[in-house]
Amino acid sequence: MMNITEGPLSGLLILQPRVFKDERGFFYEVFQAERYKDLGIPPFVQDNFSRSIQNVIRGLHYQLPHPQGKLVYVTRGHVFDVAVDIRKSSPTFGQWFGIHLTDENHTQLYIPPGFAHGFCTLSDEADFHYKCTEYYFPQGEQGIAWNDSELNIAWPVQHPILSHKDTLLLRLHEHKNDQLFA
């Protein structure tokens with residue numbers, strides 16, 4: 001029912017559900033608990049939804065304590081989704097992976113705890129869904145500057161629209177050890 005590929009950074013999974021199309025439209029299974037459990041993905045406890053206009057960048061966010069794994073996908077529009085490995089013990093610490101998620105490719109990305117996450121909207125609007133393995137914990141909000149020159153993320157937007165909070169985020173190397181994953 002689904003094509004599963006390991007991402008280039010350990011723990012990332014790219015999931016492409018089987019889509020059934022005919023003259024009426026299409027159908028696909030978005031989530032099935034046993035299938036995701038068999039992949040080693042912890043149970044999800046919270047679903048989040050955002051709608052963003054073109055050129056918005058949200059992120060790069062993570063949560064400590066109570067780190068979240070996230071299953072992300074788009075139901076309307078097109079985003080460029082980014083995961084950054086911020087596990088200090090990882091051989092890919094500081095590396096990023098980006099993937100286009102659209103309402104046409106139906107691709108999902110699983111991002112385990114230990115990554116910062118963000119996306120930018122490339123369509124006029126995008127509806128973005130994410131299932132989380134841990135509840136939102138406001139006191140644990142953390143983030144990395146979207147334009148950290150050492151990460152050198154190839155964002156496909158020239159003049160992003162950012163929240164005030166995201167304009168204040170530090171670069172990865174400016175974070176203290178206890179603000180990153182072991």
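Here the structure is a predicted model, which means the values were calculated and not measured.
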Between the main-chain N or O of [Y] and the side-chain N or O of [X], is there a donor-acceptor pair closer than 3.5 Å?
X      : Y      : value
Asn105 : Thr102 : yes
Gln32  : Glu34  : yes
Glu174 : Leu169 : no
Glu134 : Pro67  : no

Min side-chain heavy-atom separation [X]-[Y] under 4.5 Å:
X      : Y      : value
Asn55  : Gln158 : no
Val157 : Cys120 : yes
Ile161 : Ile57  : no
His117 : Tyr62  : no
Thr107 : Leu15  : no

Taking all heavy atoms of [X] and all of [Y], pick out the closest pair and write down the distance.
X      : Y      : answer
Leu60  : Ala145 : CD1-O, 3.9 Å
Gly69  : Thr133 : N-OG1, 2.6 Å
Ile153 : Trp146 : CD1-O, 4.4 Å
Ser123 : Gly77  : OG-CA, 3.2 Å
Cys132 : Lys70  : SG-CG, 4.2 Å
Gln95  : Pro91  : NE2-O, 4.0 Å

Value rounded to 0.5 Å, distance of [atom1] in [X] from [atom2] in [Y]:
X      : Y      : atom1 : atom2 : value
Ile4   : Arg35  : CD1   : CZ    : 7.5 Å
Arg51  : Asp127 : CZ    : CG    : 4.0 Å
Phe97  : Leu9   : CZ    : CG    : 7.5 Å
Tyr110 : Tyr36  : OH    : OH    : 11.5 Å
Thr121 : Ile53  : OG1   : CD1   : 8.5 Å
Asp103 : His78  : CG    : NE2   : 9.5 Å

Item to check | Partner of Leu13 under side chain to side chain contact (heavy atoms under 4.5 Å, CB included), chosen from Ile41, Leu109, Leu71 | outcome: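 In the set Ile41, Leu109, Leu71, the residue that makes a side chain to side chain contact (heavy atoms under 4.5 Å, CB included) with Leu13 is Ile41.
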Item to check | Val72: which of Asp81, Val79, Asn48 passes side chain to side chain contact (heavy atoms under 4.5 Å, CB included) | outcome: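 Running side chain to side chain contact (heavy atoms under 4.5 Å, CB included) over Asp81, Val79, Asn48 with Val72 returns exactly one hit, Asp81.
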Between [X] and [Y] (judged by ring centroids, cut-off 6.0 Å), do the two rings come close enough to count as a pair?
X      : Y      : answer
Phe119 : Phe80  : no
His66  : Tyr136 : no
Phe137 : Tyr135 : no
Tyr130 : Phe49  : no

Checklist entry - Of Phe26, Tyr73, Phe20, which meets ring pair (Phe, Tyr, Trp, His ring centres under 6.0 Å) against His106? => result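 Going through the options one by one, the only one that passes is Phe26.
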More than 12 heavy atoms of other residues, nucleotides or ligands under 6.0 Å from [atom1] of [X]: yes or no?
X      : atom1 : answer
Arg76  : CZ    : yes
Glu104 : CD    : no
Glu6   : CD    : no
Lys88  : NZ    : yes

Item to check | Worked verdict on Arg58 versus Ser163 for side chain to side chain donor-acceptor pair (under 3.5 Å) | outcome: CA-CA 8 Å; Arg58 293 183 185 264; Ser163 71; over 6 Å; no
Next on the checklist: Checking His61 against Glu141 for the side chain to side chain donor-acceptor pair (under 3.5 Å) test, could you report, in this order, the C-alpha distance in whole Å, the side-chain angles of both residues, the deciding distance, and whether it holds?
Outcome noted: CA-CA 7 Å; His61 302 146; Glu141 282 187 351; over 6 Å; no
Item to check | side-chain contact (heavy atoms from CB on, under 4.5 Å) assessment of Arg18 paired with Asn3 | outcome: CA-CA 7 Å; Arg18 185 172 173 201; Asn3 184 32; over 6 Å; no
Using the rule that two of Ile, Leu, Val, Met, Phe, Trp, Tyr join whenever any of their side-chain heavy atoms come within less than 4.5 Å, decide whether [X] and [Y] are in one cluster.
X      : Y      : value
Ile14  : Phe128 : yes
Phe115 : Val82  : no
Ile111 : Phe181 : no
Leu180 : Leu12  : no
Val19  : Ile99  : no

Item to check | Step-by-step side-chain contact (heavy atoms from CB on, under 4.5 Å) determination, Gln142 to Ile86 | outcome: CA-CA 12 Å; Gln142 304 279 340; Ile86 58 171; over 6 Å; no
Next on the checklist: Can a side-chain donor-acceptor contact be found between Thr75 and His129 if the only test is distance below 3.5 angstrom?
Outcome noted: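 The criterion, which ignores hydrogens and geometry beyond distance, is satisfied for Thr75 and His129.
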Checklist entry - Are Lys176 and Asp178 ion-paired here, with the side-chain N under 4.0 Å from a carboxylate O? => result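 Looking at Asp178 together with Lys176, the answer is no, because their closest N to O distance does not fall below 4.0 Å.
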Next on the checklist: As a quick check of understanding, evaluate side-chain contact (heavy atoms from CB on, under 4.5 Å) for Val30 and Gln108, giving each step before the final call.
Outcome noted: CA-CA 9 Å; Val30 175; Gln108 300 176 346; 3.8 Å; yes
Next on the checklist: Test side-chain contact (heavy atoms from CB on, under 4.5 Å) on Met2 and Gln16; report intermediate values, then the result.
Outcome noted: CA-CA 6 Å; Met2 176 174 293; Gln16 295 175 301; 5.8 Å; no
